Amino acid sequence: MSDTAGLPGTTYLTTRDIPLDELSRFPGNPRRGDVDAIRSSLRRHGQYRSLVIRDTGDALVVLAGNHTSDALRAEGHTTARCEVITCDDDTARRINLADNKLAELGYYDEEDLAAMLAALDGDLDGTGWSQQEVTRLLTAELPEGFPAFDESVAEALNPTTHTCPQCGHTFTGAEAAK
């Protein structure tokens, strides 16, 4: 069963295991991934995300997951779970570029990250995180002269009274919320 994959000119065909020797890397993929880290993750968690494959009619080309494909091969796997689509050349380039870049644009909430990493009790195998990174995150010290956060700092940054810059009226935070 095929349907559109959400992109104009792109059609989702199927999700299936495909022999790795039938897959080609995306030509000119600009990203250089950490295949060793992916291998570690594969050993611990298996393949938890499908590769995105373009069926060109002549070849099956990896649009997203080139380094996972490399890691699967290096780990001795013979197949990979793949979502197969059809699309034009421009869309294929865009999918490859988006897959390579978009994760970089995010950021971590360090408090949530620290809590999640701490819950692993030091067993970081397959996460991509090193003990050194976790230690630095959990024991980060403030630069010299930088005040530690406390409620007085928060109050100074977000006072409970406000003054209108146009009319000069002063009101409290509670009045502003009304």
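Throughout, numbering of the chain's residues begins at 1 and tracks the sequence. What you see is a predicted model; the values in this text were computed from it and never measured.
Salt-bridge check for E83 with R49: failed, with every basic side-chain N at 4.0 Å or more from each acidic carboxylate O. With respect to E133 and R136, no salt bridge is recorded, no charged nitrogen being found less than 4.0 Å from a carboxylate O.
Crowding of R94 atom CZ: a count of heavy atoms from other residues, nucleotides or ligands under 6.0 Å not exceeding 12. Sparse packing is recorded around CD of E111, with 12 or fewer heavy atoms of other residues, nucleotides or ligands lying under 6.0 Å away. Annotation: E75, atom CD; neighbour count of heavy atoms from other residues, nucleotides and ligands within 6.0 Å is above 12.
L63 and V35 fall into different hydrophobic clusters, where Ile, Leu, Val, Met, Phe, Trp and Tyr residues are linked whenever their side-chain heavy atoms come under 4.5 Å apart, directly or through other members. Hydrophobic clustering places L113 together with L120 (ILVMFWY residues linked when any side-chain heavy atoms are closer than 4.5 Å, directly or through intermediates).
Shown here are the ring pair (Phe, Tyr, Trp, His ring centres under 6.0 Å) partners of Y108, two or more places apart in sequence or in another chain: W129.
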Go through the steps to decide whether S50 and T15 satisfy the test side chain to side chain contact (heavy atoms under 4.5 Å, CB included), and finish with yes or no. CA-CA 8 Å; S50 297; T15 300; 4.2 Å; yes
Begin from the C-alpha positions of I18 and L60 and carry the test side chain to side chain contact (heavy atoms under 4.5 Å, CB included) through to its verdict. CA-CA 9 Å; I18 298 176; L60 297 172; 3.9 Å; yes
Under the side chain to side chain contact (heavy atoms under 4.5 Å, CB included) criterion, do L124 and V134 qualify, and how do the steps go? CA-CA 9 Å; L124 303 173; V134 173; 3.7 Å; yes
Give the C-alpha distance, both sets of side-chain angles, the deciding distance and a yes or no for side chain to side chain donor-acceptor pair (under 3.5 Å) between T91 and D88. CA-CA 5 Å; T91 302; D88 61 26; 2.8 Å; yes
Would F26 and V61 count as a side chain to side chain contact (heavy atoms under 4.5 Å, CB included) if you check the C-alpha gap in whole Å, the side-chain angles of each, and the deciding distance to 0.1 Å? CA-CA 6 Å; F26 187 80; V61 180; 4.0 Å; yes
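A donor atom on one side chain and an acceptor atom on the other are not found under 3.5 Å apart for S40 and R44. For N66 and D70, the side-chain atoms include no donor-acceptor pair closer than 3.5 Å.
Between the CG atom of L51 and the OG atom of S69 there is a distance of 6.0 Å, given to the nearest 0.5 Å. Separating the OG1 atom in T14 from the CD1 atom in I53 is a distance of 12.0 Å, to the nearest 0.5 Å. Here the CZ atom belonging to R39 is positioned 9.5 Å from the NE2 atom belonging to H77, to the nearest 0.5 angstrom. Here the CG-CZ distance, from D17 to R81, works out to 7.5 Å after rounding to the nearest 0.5 Å. Interatomic distance, L72 CG to I38 CD1, rounded to the nearest 0.5 Å: 9.0 Å. In this structure, the separation between CZ on R93 and CZ on R54 is 8.5 Å, given to the nearest 0.5 Å.
Closest of all the heavy-atom pairs between D55 and G57 is OD1-N, 2.8 Å. The nearest pair of heavy atoms linking G33 to H67 is N-NE2, 3.0 Å.
Counting heavy atoms from C-beta on, the side chains of L137 and L117 come closer than 4.5 Å. Residues L97 and P30 have side chains in contact (heavy-atom distance under 4.5 Å, counting atoms from C-beta outward). Counting only heavy atoms from C-beta outward, the side chains of D123 and D125 approach each other to under 4.5 Å.
Side-chain atoms of N100 come within 3.5 Å of backbone atoms of N96 as a donor-acceptor pair (strictly under, hydrogens ignored).
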